[in-house]
Amino acid sequence: MLRGPGFLRPDLTFSAMAMVQTGLDASWHRCQHEYGLDPAAAPLPDVLSGAELRQACLHMGRLLHFAGPEMERLHAALAPVGYTVMLSDMDGIVLTHQAAGALRRGCRRWHFWPGAVWNERHAGTNGIGTCLAEQRSISVHRNQHWRSSLHGLVGIATPVYDASGRMAGALNASSFRPSPDGSLGVLIASNLLQAAHQIEQTCFMDRYRGHAIMLLGNAVGASVPLVALDRDRHVVGATHAARAQMGIPPLTDVSMCLLDDTATPAPTAPLREAQTMAIHTALASARGKVAVAARMLGVSRSTLHRRIRNIAEQEQAGTRS
């Protein structure tokens, strides 16, 4: 258990099979059939006025502040290979960026700049817009973009979640001088995921300062499964991944006992996985001492013993089946 501070016009010769393999077929379908975008049209994304951009930044709130250090870290890692780093909101508006001096002119030319609106409905398939539309990590390399005018670009993006479990925007790395084979994509995507995890975690720990923070296993996509516990060890906050484990929608108020004396969820219930991870985490933190782990979880020793037996029985049943 941790504690907070109190602790991418596609080339029409590009085959349909290749499109499916890139995972962008749904985006191209939206561009053609839902948005009616002309792939040969050349306009770049719109750019907001200064006042409009300031309003969008205010709406993002403290997440924009907490993203700063991670944006700087990403910039230090990616600027030498010609990438600029951007953070957008859910409307695809670039709120802030980090770009090396030698790249700034190109960034302005290609609208890798605060105020640019990279939503998919207008810009077509692109890193930021398609990440937001599909709420998943995306890589769009050169002619994978819908608009032919963007075929010289590459964009890699991953979701960013706030402390309420809501997707708040997209963290993006883009280049107007990409390598032909996209060989850096995996490394860049890994850096973006790490930064997204840190931003979410920092936001969550700020929101629940003074609460006990429990990790419920490994990160799931761009989110880390964390829950916040009050003095009575009731769950009062949960990240996107933790909510998915427990079957709780984003933004919904959380007020529940992770473990109690009266109910045992079905083996297939979302809460079962969360409970199992919580027990494993507490036991590990308590070095196997059930009494200490029970106090961490806010339950009696008998309840924890019963939960441990239930977990062992379910694991044995799963092994036999």
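Nothing here was measured: the structure is a model prediction, and the numbers come from that model. One is the number of the first residue; the rest follow in order along the sequence. The analysis underlying the following values was restricted to heavy atoms, covering all of them including side chains, and did not include hydrogens, waters or symmetry mates.
- Arg177 is linked by a side-chain hydrogen bond (donor to acceptor under 3.5 Å, both in side chains) to nothing, counting only residues two or more places apart in sequence or in another chain.
- Counting only residues at least two apart or on different chains, the salt bridge (charged side-chain N to carboxylate O under 4.0 Å, His left out) pairs with a member in residues 57-84 are Arg62-Asp206, Glu70-Arg73.
- Applying the side-chain contact (heavy atoms from CB on, under 4.5 Å) test to Ala76 and every residue at least two apart in sequence or in another chain returns nothing.
- Here Val186 pairs with nothing under the side-chain contact (heavy atoms from CB on, under 4.5 Å) rule; sequence neighbours left out.
- For the side chain to side chain contact (heavy atoms under 4.5 Å, CB included) with Val227, the qualifying choice from His211, Gln245, Met214, Arg243 is Met214, the only one to do so.
- Looking at residues two or more places apart in sequence or on another chain, you find no side-chain hydrogen bond (donor to acceptor under 3.5 Å, both in side chains) involving Arg108.
- If you check the side chains of Ser190 and Gln194, you find no donor sitting under 3.5 Å from an acceptor.
- Residue pairs meeting the side chain to side chain donor-acceptor pair (under 3.5 Å) criterion with at least one member in residues 42-52, sequence neighbours excluded: Ser49-Glu52.
- Between His240 and Gln135 there is no side-chain heavy-atom pair separated by less than 4.5 Å.
- With sequence neighbours left out, Leu44 forms a side-chain contact (heavy atoms from CB on, under 4.5 Å) with Arg109, Trp110, His111, Leu150.
- Interatomic distance, Thr158 OG1 to Asn191 CG, rounded to the nearest 0.5 Å: 11.5 Å.
- Contact annotation: the side chain of Tyr35 never approaches that of His122 to less than 4.5 Å [non-hydrogen atoms, C-beta and beyond].
- Every residue two or more places apart in sequence or in another chain was checked for a side-chain hydrogen bond (donor to acceptor under 3.5 Å, both in side chains) with Ser175, and none qualifies.
- Taking Leu58 as the reference, Gln55 meet the side-chain contact (heavy atoms from CB on, under 4.5 Å) condition, with sequence neighbours excluded.
- For the 3.5 Å distance criterion, the side chains of Ser27 and Glu120 qualify, holding a donor opposite an acceptor.
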Just distance, no hydrogens or angles: give the donor-acceptor pairs under 3.5 Å from side chains in residues 80-102, sequence neighbours left out.
{"unit_1": "Thr84", "atom_1": "OG1", "unit_2": "Gln98", "atom_2": "O", "d": "2.7"}
{"unit_1": "Asp89", "atom_1": "OD1", "unit_2": "Asp91", "atom_2": "N", "d": "2.9"}
{"unit_1": "Asp89", "atom_1": "OD1", "unit_2": "Gly92", "atom_2": "N", "d": "3.2"}
{"unit_1": "Asp89", "atom_1": "OD1", "unit_2": "Ile93", "atom_2": "N", "d": "3.0"}
{"unit_1": "His97", "atom_1": "ND1", "unit_2": "Phe112", "atom_2": "O", "d": "3.3"}

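- For the side chain to side chain contact (heavy atoms under 4.5 Å, CB included) with Glu200, the qualifying choice from Leu63, Val224, Val160, Leu226 is Val224, the only one to do so.
- Scored by the side-chain hydrogen bond (donor to acceptor under 3.5 Å, both in side chains) test, His65 finds no partners at all (sequence neighbours excluded).
- Shown here are the salt bridge (charged side-chain N to carboxylate O under 4.0 Å, His left out) partners of Arg166, two or more places apart in sequence or in another chain: Asp162.
- In the hydrophobic clustering of ILVMFWY residues, with side-chain heavy atoms under 4.5 Å counting as a link, Tyr208 and Phe66 come out apart.
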